[in-house]
Protein chains: 2
Amino acid sequence: MASIKDVAAAAGVSVATVSRVLNGHPSVSAEARARVRGAVAELGYRPNAVARSLRTDQTHTLGLVISDVLNPYFTELARAVEEEARALGYSVIIGNADERPELQDHHVRNLLDRRIDGLLVSPTDGGSPLMLDAVRAGTPMVFVDRWIPGVDVPVVRADGRQAVRDLVAHLYRLGHRRLAIIAGPAATTTGSERVEAFRAALAEYGLLLPDAYIGQGDFQAESGRRVTEGFLDLPEPPEVVFAADNLMALGALDAVRARGLRVPDDLALAAFDDIPWFVHTDPPVTAIAQPTGELGRAAVRALVDRIEGRTPQSVTLPARLVVRRSCGEAAPAATPPTQSPSPVQRSTS
Amino acid sequence: MASIKDVAAAAGVSVATVSRVLNGHPSVSAEARARVRGAVAELGYRPNAVARSLRTDQTHTLGLVISDVLNPYFTELARAVEEEARALGYSVIIGNADERPELQDHHVRNLLDRRIDGLLVSPTDGGSPLMLDAVRAGTPMVFVDRWIPGVDVPVVRADGRQAVRDLVAHLYRLGHRRLAIIAGPAATTTGSERVEAFRAALAEYGLLLPDAYIGQGDFQAESGRRVTEGFLDLPEPPEVVFAADNLMALGALDAVRARGLRVPDDLALAAFDDIPWFVHTDPPVTAIAQPTGELGRAAVRALVDRIEGRTPQSVTLPARLVVRRSCGEAAPAATPPTQSPSPVQRSTS
DNA sequence: AAGCGGGATGTAATCGATTCCACGAGTTCC
DNA sequence: GGAACTCGTGGAATCGATTACATCCCGCTT
């Protein structure tokens, strides 16, 4: 592969001049510039990004460590991140932690070794020493979706509290009183926060969230199935389960169906994270939608601000409730069969 | 950040010795080895992958350019690729082409600039000069899922012909005679092949595939919707639509539902690519499942073989039909409600 | 005792870029 | 006319690793 030396030789100039042409440095004669351009085209020369990075100590690359690529929420996030990064002149390397802390560490280490300019993380746990060291060492970092308390890193996330309150209002109105939740890992902020928001919303209606109605999941479909089976085996099963993410909701659907029961008649279902498929499941699933794309873009902007010496801002955006049919019909009104009439907000996807 | 020089200084040896310890070179005394190890630990030293790559001309990185991250098929593929690569000591950089040739070129160029060791591509089109040049220049490359005819690059893919034949047999048995297809872009192999396989299978039953029953899609949901609407507006609409990928099937579902019609009564539906959600849609969707994980792993093995000087093999694995309820019930037998009795193969997911 | 072999180590070249500094030629200004 | 500048250019140092080659030392053979 042609190097800058070959170009210099072909153009009859020094490598310094070639470099100047390539980087748009003003102090090059029009004639030299033309000769270099010609040589570049002729040789099909492309600068070696590895060499350039070594010299400049910049890779123009962002690392993104997400918890699970198979989760549509995270792929949508990843897509938005990549788009915004590209627009700002950065590439993105994605690491999939698969909800496993040791895999997360593997990717963080790998990305750090590659000297990425900054790191976007949605932590699967309370934070390994590795990540904390990186922060302390000054690696530009931003948390997306989940974060680690007590660490001085900007956080870009959605606040679901109001939406959870709307959800509980919706459920209460439909007559449900025994409400259960499939929680995410307590080590994640999204895991514990969603339970607390749910509990607080229930309290407003004088309802309690007994321990038996808190199932411990891990954000994967299988755990949703397992927890739901546990709920159904209870002497007094809940009337509703609220899954803290879309994959556990999928597992819950599996479990209900495997018993020959039906949603919402035998058990109502709601989920955190809205995805396109929820419109077409049987029944369509009521969900809390995050502004995923906006979150991804805001996170990139914050990280790039930090990298380029500006002051990054934490960002919190509201999530919103999207009512469908998985919790029961509010009123048998004359609406299209896809959507349910909603006092709160109507599904539009 | 500490460099090899700092380690050398701290350990009281030369950088050459440090390098030898790091790379497991035998000719280092136990004592020097221990001192270097100590210095490495104390300084928290990590080798700079950028510098190492420049010198060795190896990045231990694979590029993966996929057509669409939002398509669950490709995320599953990406996940398998990353896993296998990691097991073999490589990292993966994913580029999302979003079915747009110019974006694909952007990512190929970017990956090449980064001097990745090899490239895994699922081309969105017939192949840009850039990609063809890269092949000619000797960049190790393997095509996954889709490929470019006439280019000497190993291909790892699924053969859906038998499964399509099984699907048509299934449809014929259910009494359907007017079958339509939502095709992918003709520039992609999967786009044209699936149409041909479908046409050939129809021919075995003496059925024709008229032009009006071939809708031109682009593997995105929106095109599935548009094409399906076109089908429904025909004087003689088809009884079945076969979507060439899962996203177009989602669009087709949208279109049918928007008209207040029902699957399979008003229009039956089948899709290429099976995904977990198809079990829970209303109705569950009959699909052709590819051995996605196996494809991803085989592709990585082929690419790494090529990179490490062995001879890579093309691989073709069979796809299989998974019958659910979206084409109608074969026979009202006493089976669980989730699954339909199938003469061919039963859904197990 | 001289010579040889081999293990441990260091010196320095190298990968492909960027960039500081020096130099020569041409301008401008007094 | 000469000092001071500007502009275009090239030489060479540098980033952080790897590795060929040279050197030194120790022990063994003949």
Side-chain angles (χ1 to χ4, degrees), chain A residues 1-40 43-61 89 109-117 137, chain B residues 1-40 43-61 89 109-117 137:
Chain A
M1 192 147 245
S3 83
I4 196 171
K5 269 190 211 148
D6 304 316
V7 175
V13 297
S14 72
V15 294
T17 298
V18 176
S19 175
R20 281 191 272 258
V21 172
L22 262 31
N23 293 292
H25 191 289
S27 171
V28 180
S29 68
E31 202 239 325
R33 193 179 306 271
R35 287 225 306 283
V36 169
R37 291 257 161 76
V40 165
L43 296 172
Y45 168 77
R46 296 247 79 212
N48 184 326
V50 175
R52 195 200 292 257
S53 292
L54 176 60
R55 185 59 238 252
T56 62
D57 202 29
Q58 294 181 23
T59 48
H60 273 273
T61 303
R109 200 183 330 266
N110 181 24
L111 291 166
L112 256 22
D113 286 355
R114 299 175 114 77
R115 301 303 194 262
I116 42 126
D117 293 340
Chain B
M1 191 147 247
S3 82
I4 196 171
K5 269 190 209 147
D6 303 316
V7 176
V13 298
S14 72
V15 294
T17 300
V18 176
S19 176
R20 283 191 269 261
V21 171
L22 262 31
N23 294 291
H25 191 288
S27 172
V28 180
S29 69
E31 202 240 325
R33 193 178 306 271
R35 285 225 306 285
V36 169
R37 290 255 161 77
V40 165
L43 296 173
Y45 167 77
R46 296 246 80 212
N48 184 327
V50 174
R52 195 201 292 258
S53 293
L54 176 60
R55 184 60 237 253
T56 61
D57 203 29
Q58 293 180 24
T59 49
H60 272 274
T61 304
R109 199 184 331 266
N110 181 24
L111 292 166
L112 256 22
D113 285 355
R114 288 173 184 289
R115 301 302 193 263
I116 43 124
D117 293 341

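Just so it is clear: chains get the letters A, B, ... in the order the sequence lines come, proteins before strands, and each one is counted from 1. Hydrogens, waters and symmetry mates are skipped; everything else that's a heavy atom, side chains included, is used. Predicted, not measured: the structure shown is a model, and the values here were computed from it.
- Atom NE2 of A:His60 and atom P of C:dA17 are 16 Å apart (whole Å).
- On the nucleic acid side, DNA chain D has its first and last nucleotide under 4.0 Å of a heavy atom of chain A at D:dG8 to D:dG16, going 5' to 3'.
- Nearest heavy-atom pair across A:Asp113 and B:Arg46 is OD2-NH1, 2.6 Å.
- Fit an axis to the five pairs at each end of the helix from C:dA1-D:dT30 to C:dC30-D:dG1 and the two axes sit 50° apart, to the nearest 10 degrees.
- Counting heavy-atom neighbours within 6.0 Å of A:Asn23 CG, excluding the residue itself, gives a total above 12.
- Annotation: proximity of residues 19-34 of chain A to DNA chain D (heavy atom, distance under 4.0 Å) is found for A:Arg20, A:Ser27, A:Val28, A:Ser29, A:Ala32, numbered in ascending order.
- How far CE of B:Met1 is from CG of A:Asp57: 10.0 Å, rounded to the nearest 0.5 Å.
- Sorted by first and then second residue, the salt bridge (charged side-chain N to carboxylate O under 4.0 Å, His left out) pairs involving residues 11-31 of chain A (not counting sequence neighbours) are A:Glu31-A:Arg35.
- The minimum heavy-atom distance between B:Thr59 and B:Asp117, with the atom names listed, is N-OD1, 2.9 Å.
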Run A:Asn110 and A:Arg114 through side chain to side chain contact (heavy atoms under 4.5 Å, CB included) and show every step you take.
CA-CA 6 Å; A:Asn110 181 24; A:Arg114 299 175 114 77; 3.0 Å; yes

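- Shown for residues 49-56 of chain A: residues whose heavy atoms fall under 4.0 angstrom of DNA chain C, namely A:Ala51, A:Arg52, A:Leu54, A:Arg55, A:Thr56.
- The side-chain heavy atoms of B:Val28 and B:Val36, taken from C-beta on, include no pair separated by under 4.5 Å.
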Under 3.5 Å, side-chain donor or acceptor atoms of residues 3-13 of chain A against the rest of the protein: list the pairs with distances, not counting sequence neighbours.
residue, atom, partner, partner atom, Å
A:Ser3, OG, A:Lys5, N, 3.1
A:Asp6, OD2, A:Ser3, N, 2.7

Side chain to side chain contact (heavy atoms under 4.5 Å, CB included) assessment of A:Ser53 paired with A:Val50
CA-CA 5 Å; A:Ser53 292; A:Val50 175; 5.9 Å; no

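- Interatomic distance, B:Arg115 CZ to B:Leu54 CG, rounded to the nearest 0.5 Å: 10.0 Å.
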